[in-house]
Amino acid sequence: MATRPAAEEKPWELAAHPRLPKGRTVAVVVLDGWGEAAPDPFNCIHVADTPTLDALKKAAPERWRLIKAHGTAVGLPTDDDMGNSEVGHNALGAGQIYAQGAKLVDLALGSGKIYEGEGFKYIQQSFQDGTLHLIGLLSDGGVHSRFDQLQLLLQGASERGAKRIRVHVLTDGRDVADGSSVRFVEMLEEDLARLREKGVDARIASGGGRMYVTMDRYENDWQVVKRGWDAHVLGEAPHRFRSALEALRKLREEDPKKASDQYLPPFVVVDGSGEPVGPVRDGDAVVTFNFRADRMVMLAKALEYEGFDRFDRVRFPRTRYAGMLQYDGELKLPRHYLVAPPEIQRTSGEYLARNGVRTYACSETVKFGHVTFFWNGNRSGYFDQNLEKYEEIPSDAGIPFNVQPKMKALEIAQKARDAILSQKFDQVRVNIANGDMVGHTGDMEATIVGCKAADEAVKIILDAVEQVGGVFVVTADHGNAEDMAKRDKSGEPLRDKDGKVQTLTSHTLNPVPIAIGGPGLAPGVRFRTDLASAGLANVAATVMNLHGFQAPDHYEPTLIQVVDE
Ligand SMILES: O=C(O)[C@H](O)COP(=O)(O)O
Ligand SMILES: [Mn+2]
Ligand SMILES: [Mn+2]
């Protein structure tokens with residue numbers, strides 16, 4: 001009996017769809033952080049004026065539905081895990097569900113395999129004479145990192161010879177509640193105290209808020225990474241405290257608005273004589289314990305590259321550096337890593353390029369890698385530069401996004417409109433960032449403005465689709481702006497002691513809408529009714545169909561059918 005060929009051996013050529021034509025321009029719009037929730041005052045999408053999206057929902061029930069964007073539907077460990085951009089865009093672009101970083105790290109830590117891998121053995125060589133530095137996001141959001149994984153790694157490394165450990169903590173407040181940094185630091189201090197009882201010299205050495213220190217992405221602002229470098233590596237920061245807890249309390253007291261968890265200024269912990277307790281030195285080991293790539297790649301470059309020139313490192317210690325995962329498979333960055341990342345293969349971008357589909361992708365800096373790198377299975381660059389064009393619009397840098405909540409929605413839409421009207425592309429793909437980026441600030445008024453701007457951007461794109469007789473797919477990667485309130489089990493908003501509703505800055509577990517349409521959509525196309533639990537991974541096959549191709553067998557099934565009218 002013939003064995004089924006492995007995915008790698010399958011042909012790249014896609015069969016023609018029996019009912020749907022080739023050659024239609026397909027606009028694919030991803031609204032970042034745009035979930036579906038019951039209308040209430042904390043649903044910014046509901047409160048905002050969004051006539052375009054409202055019309056899509058009302059006009060054609062057979063062309064509008066909800067799909068899952070969280071948990072196991074996108075390869076996360078459990079259905080309690082909210083969705084995020086990485087796993088969302090991976091699923092949208094790859095058409096298949098892969099076990100994602102969070103889950104792979106869980107498995108490797110659970111089985112102990114992490115300690116048998118090349119990456120751990122590499123850093124272990126520094127344990128005898130050097131310090132082990134752990135740098136990452138202190139959070140249980142499960143988006144970039146998880147606190148329980150840090151705890152296990154601390155435990156495992158100390159049991160395997162690490163004698164001196166320094167943790168460099170980035171406070172969250174974005175994937176978890178603002179102010180929760182105190183609880184995480186307290187718990188970490190308890191763990192470190194236990195290690196000290198066992199003779200391990202373990203301490204927190206430096207820190208700062210993730211959006212201001214270290215965790216920039218897509219090279220939006222290298223100064224963010226420089227602040228982190230100075231604090232974590234050089235042991236220099238404008239604020240010096242005897243402990244991380246003191247840092248959190250004093251910095252928040254001084255300026256509670258500015259020193260939120262997300263934007264906490266950089267600090268170093270110093271000893272009794274004012275010396276920093278944990279700068280990175282030659283011979284030390286460094287692990288960045290975030291599993292997600294986008295906000296660790298920049299620091300990874302600074303830690304690894306000999307000829308790095310994006311800021312003055314002042315001192316470049318010779319360390320043994322490993323990432324929790326390898327963050328960029330193309331760049332092989334970092335060279336050493338503790339857990340192998342998901343090998344996302346045969347993405348729709350690659351299939352379509354190999355079948356001659358011309359693609360234009362665009363977003364602003366903060367989401368640019370989402371519709372390119374994440375979409376293409378964490379792969380940078382083009383599949384075929386003769387067929388693809390990726391365009392980045394610079395994001396505002398150095399300000400929180402509630403200050404300019406319209407962000408670059410209009411500019412992205414205008415670029416997409418021009419690309420559609422040029423007729424040079426078969427697929428025009430964009431990410432509109434507002435619902436997510438402004439939603440994360442917790443500023444409801446600004447988020448409402450941002451949602452309106454996103455809706456206006458969609459209108460511009462749909463008008464262009466109309467003009468060229470094209471097709472559109474409008475969807476989202478996960479929820480955010482549709483719920484800005486923390487809630488109890490019955491769904492009622494939680495209030496603080498003054499009766500104020502507690503703000504939710506994170507993503508949600510809500511499903512996201514998907515709408516299809518446009519004059520080029522064949523008349524009998526409608527959503528199937530047999531895929532009640534479909535998710536983001538079903539979108540790629542759908543888009544392939546709209547380009548006139550059948551999707552490969554190993555893809556999650558298409559959402560659409562063609563019925564005789
Ligand atoms: O990195 C961030 O901004 C948040 O932690 C997650 O948001 P994203 O998944 O939408 O990027
Ligand atoms: Mn997102
Ligand atoms: Mn987000």
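Order of appearance sets the numbers: ligands from 1, and atoms from 1 within every ligand. Residues take their numbers from the sequence shown, with the count starting at 1.
Inspection of the N510 and H70 side chains reveals no N or O donor paired with an N or O acceptor under 3.5 Å.
R252 and D261 are joined by a salt bridge, as a carboxylate oxygen and a charged side-chain nitrogen come within less than 4.0 angstrom of each other. A salt bridge links R146 with D106; the closest basic N to acidic carboxylate O contact falls under 4.0 Å. Salt bridge present: R487 and D40 bring a charged side-chain N and a carboxylate O closer than 4.0 Å. Salt bridge status for K459 with D455: absent, with no side-chain N to carboxylate O gap under 4.0 Å. Electrostatic pairing of R310 and E219 counts as a salt bridge here, judged by a charged N lying under 4.0 Å from a carboxylate O.
Ring planes of F311 and F308: perpendicular class, angle over 60° (limits at 30 and 60°). Classification of the Y382-Y390 ring pair by plane angle, with boundaries at 30° and 60°, yields tilted.
Within a 6.0 Å radius of CZ in R335, no more than 12 heavy atoms belonging to other residues, nucleotides or ligands are found.
In this structure, ligand 1 sits under 4.0 Å from heavy atoms belonging to D32, N84, S85, V143, H144, R174, D175, R210, R217, R292, R295, K367, H370, D436, H440, H478, H507.
Near-neighbour remark for the Mn ion (ligand 2): protein N, O or S atoms under 2.8 Å are D32 OD1, S85 OG, D477 OD2, H478 NE2; waters not counted.
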